[in-house]
Amino acid sequence: MSIHDDAERPIGRARGTDFFRIAEQLDDEEREIWQRTRRFVDDEVLPVINEHWERADFPRDLALRLGELGLVGDGIEGYGCPPLSPIANGLIHLELNRGDGSLGTFLGVQSGLAMRSISMLGSEEQKQRWLPAMARVEAIGAFALTEPDHGSDSVALETSARRDGDTWVLDGQKKWIGNGTIADVVVVWARDTEDEKVKGFLVEPAQTPGYRAERIDGKGSLRSVWQAHIALDGARVPESSRLPEARSFG
C-alpha cells in the first residue's frame, strides 16, 4: 500500500468500535438513526468536506441532505419534524461533528436554536409557516443574540425594539451569527424600549429594509459554516413577526 492509498482513506471515518457499548443501550429506532447519520458522514461528508474547508465554502448540498435524511428537528413534535428522542438527537450531533464541526454547528443553529425558538415561543401560524420548511432545510434559520461588545450576555443586550403602530422598529448590531448571511428567517432578540423586556422577532432579511448582514471571513476554524455581522438600522417588522410567548429572555 502506498502513501497515496492511505491518504485516500479519510482519517475521520468510523471504525465500528463501540468501547462503551452504546449500541446495546439503544432502541431499534435510535440505532437506525445513528447508523443512518454515520453512513451519511462516511459516504457523503468526509469525501468532500476538506475542499469546502479550504474554500471556506458552505456545503449547501450537504445541508439539504440533512433534511432529506430526516435528521433536522431537534425532537420537536409535529410540524413535519421527524420523531427524535433526545438520545437519537445527540447521536446525530455526535456523528456530524465527527465528520465536520461546521456541519454540526449549522444543524445546532438551524434546529436547536432557530426552530426550537419558534416551537417554544411562536404562534401557531408562525410554526406552520416555518417549521416544516426548516425541517426539510428548504428554509434556513439563524439565531441573533450575540452582540459585538458583550457577546451572548442577554442582561447587557443593547439591540432595541420600538413599537410604532402595527410594526416594530429594530436598531442595533449582532455578531458571530451563524447562517446570518443566508438565512430566510432570523430570530432576533431585542429589548423593548417601553418595558425594557427582551423580546424575540422573526426577521426575514429579503423583505426587511434596514437589515444588513456581512459575512465574517478569515476564520481559522468552522470554516464551512458562515457567521455574520448584522446591522439593524431602523429595520421594520410587523407585529405578526413578534414571538408572542417571548416576554423576557428567561
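Reckoned from all heavy atoms, side chains included, excluding hydrogens, waters and symmetry mates.
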For this session: May I have the step-by-step check of side chain to side chain contact (heavy atoms under 4.5 Å, CB included) for His93 and Thr37, ending in yes or no?
Result: CA-CA 9 Å; His93 283 275; Thr37 311; over 6 Å; no
Under a 4.5 Å cut-off applied to non-hydrogen side-chain atoms, are [X] and [Y] in contact?
| X | Y | result |
| --- | --- | --- |
| Trp226 | Asp217 | no |
| Gln25 | Ile87 | no |
| Asp149 | Gln173 | no |
| Glu125 | Gln128 | no |

Shortest non-hydrogen contact from [X] to [Y]?
| X | Y | value |
| --- | --- | --- |
| Leu103 | Pro59 | CD1-CG, 4.2 Å |
| Ala190 | Ala161 | CB-CB, 3.9 Å |
| Pro82 | Gly70 | CG-O, 3.2 Å |
| Arg191 | Leu157 | NE-O, 3.3 Å |
| Glu44 | Pro47 | C-CD, 3.7 Å |
| Ser224 | His52 | OG-C, 3.3 Å |

Is the backbone N or O of [Y] less than 3.5 Å from a side-chain atom of [X], with the two atoms forming a donor-acceptor pair by type?
| X | Y | answer |
| --- | --- | --- |
| Asp74 | Ile76 | no |
| Asp171 | Gly234 | yes |
| Asp184 | Ile140 | yes |
| Glu138 | Met134 | no |
| Thr167 | Asp164 | yes |
| Arg215 | Thr181 | no |
| Glu30 | Asp27 | yes |
| His150 | Ala156 | yes |

Value rounded to 0.5 Å, distance of [atom1] in [X] from [atom2] in [Y]:
| X | Y | atom1 | atom2 | value |
| --- | --- | --- | --- | --- |
| Asp100 | Arg223 | CG | CZ | 11.5 Å |
| Arg129 | Ser240 | CZ | OG | 8.5 Å |
| Ser119 | Lys127 | OG | NZ | 5.5 Å |

Exercise. Quick check: are there more than 12 heavy atoms from other residues, nucleotides or ligands sitting under 6.0 Å from CD of Glu196?
Worked result: yes
For this session: Could you tell me whether Asp166 atom CG has more than 12 heavy atoms of other residues or ligands within 6.0 Å of it?
Result: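 Incorrect, the count does not exceed 12.
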Exercise. Is it the case that one hydrophobic cluster holds both Val185 and Ile182, taking links as side-chain heavy atoms less than 4.5 Å apart, direct or via other members?
Worked result: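 Yes, same cluster.
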Problem set entry | Hphob cluster co-occupancy, Leu69 + Val137, side-chain heavy atoms under 4.5 angstrom | yes
For this session: Evaluate side chain to side chain contact (heavy atoms under 4.5 Å, CB included) for Lys174 paired with Phe143, printing each intermediate quantity in order.
Result: CA-CA 10 Å; Lys174 303 290 184 180; Phe143 181 92; over 6 Å; no
For this session: With side chain to side chain contact (heavy atoms under 4.5 Å, CB included) as the test, would you mind laying out the steps for Arg65 and Glu68 before giving the verdict?
Result: CA-CA 5 Å; Arg65 285 288 289 147; Glu68 292 170 358; 3.0 Å; yes
Exercise. Should Glu147 and Thr159 be marked as a side chain to side chain donor-acceptor pair (under 3.5 Å) after you check the CA-CA gap, both sets of side-chain angles, and the distance that decides it?
Worked result: CA-CA 8 Å; Glu147 297 183 349; Thr159 299; 2.6 Å; yes
Check this for me: does any side-chain nitrogen of one of [X] and [Y] sit under 4.0 Å from a carboxylate oxygen of the other?
| X | Y | value |
| --- | --- | --- |
| Glu239 | Arg163 | yes |
| Asp192 | Lys199 | yes |
| Glu245 | Arg247 | yes |
| Arg36 | Glu95 | no |
| Asp28 | Arg31 | yes |

Problem set entry | Hydrophobic cluster of Val188, others only, ordered by chain and residue number, side-chain cut-off 4.5 Å | Trp168, Leu170, Ile177, Val186, Phe201, Val203, Tyr211, Ile230, Leu232, Val237
Problem set entry | Trace of the side chain to side chain donor-acceptor pair (under 3.5 Å) decision for Gln227 with Lys219 | CA-CA 10 Å; Gln227 279 88 19; Lys219 296 189 301 177; 2.3 Å; yes
Exercise. Pick from Ile33, Leu107, Leu84: which one makes a side-chain contact (heavy atoms from CB on, under 4.5 Å) with Asn89?
Worked result: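 One option only clears the test, and that one is Leu84.
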Problem set entry | Stepwise side chain to side chain donor-acceptor pair (under 3.5 Å) check, Thr193 with Ser160 | CA-CA 6 Å; Thr193 58; Ser160 65; over 6 Å; no
For this session: Kindly determine whether Glu32 and Leu26 satisfy side chain to side chain contact (heavy atoms under 4.5 Å, CB included), including the steps that lead there.
Result: CA-CA 9 Å; Glu32 193 280 325; Leu26 307 176; over 6 Å; no
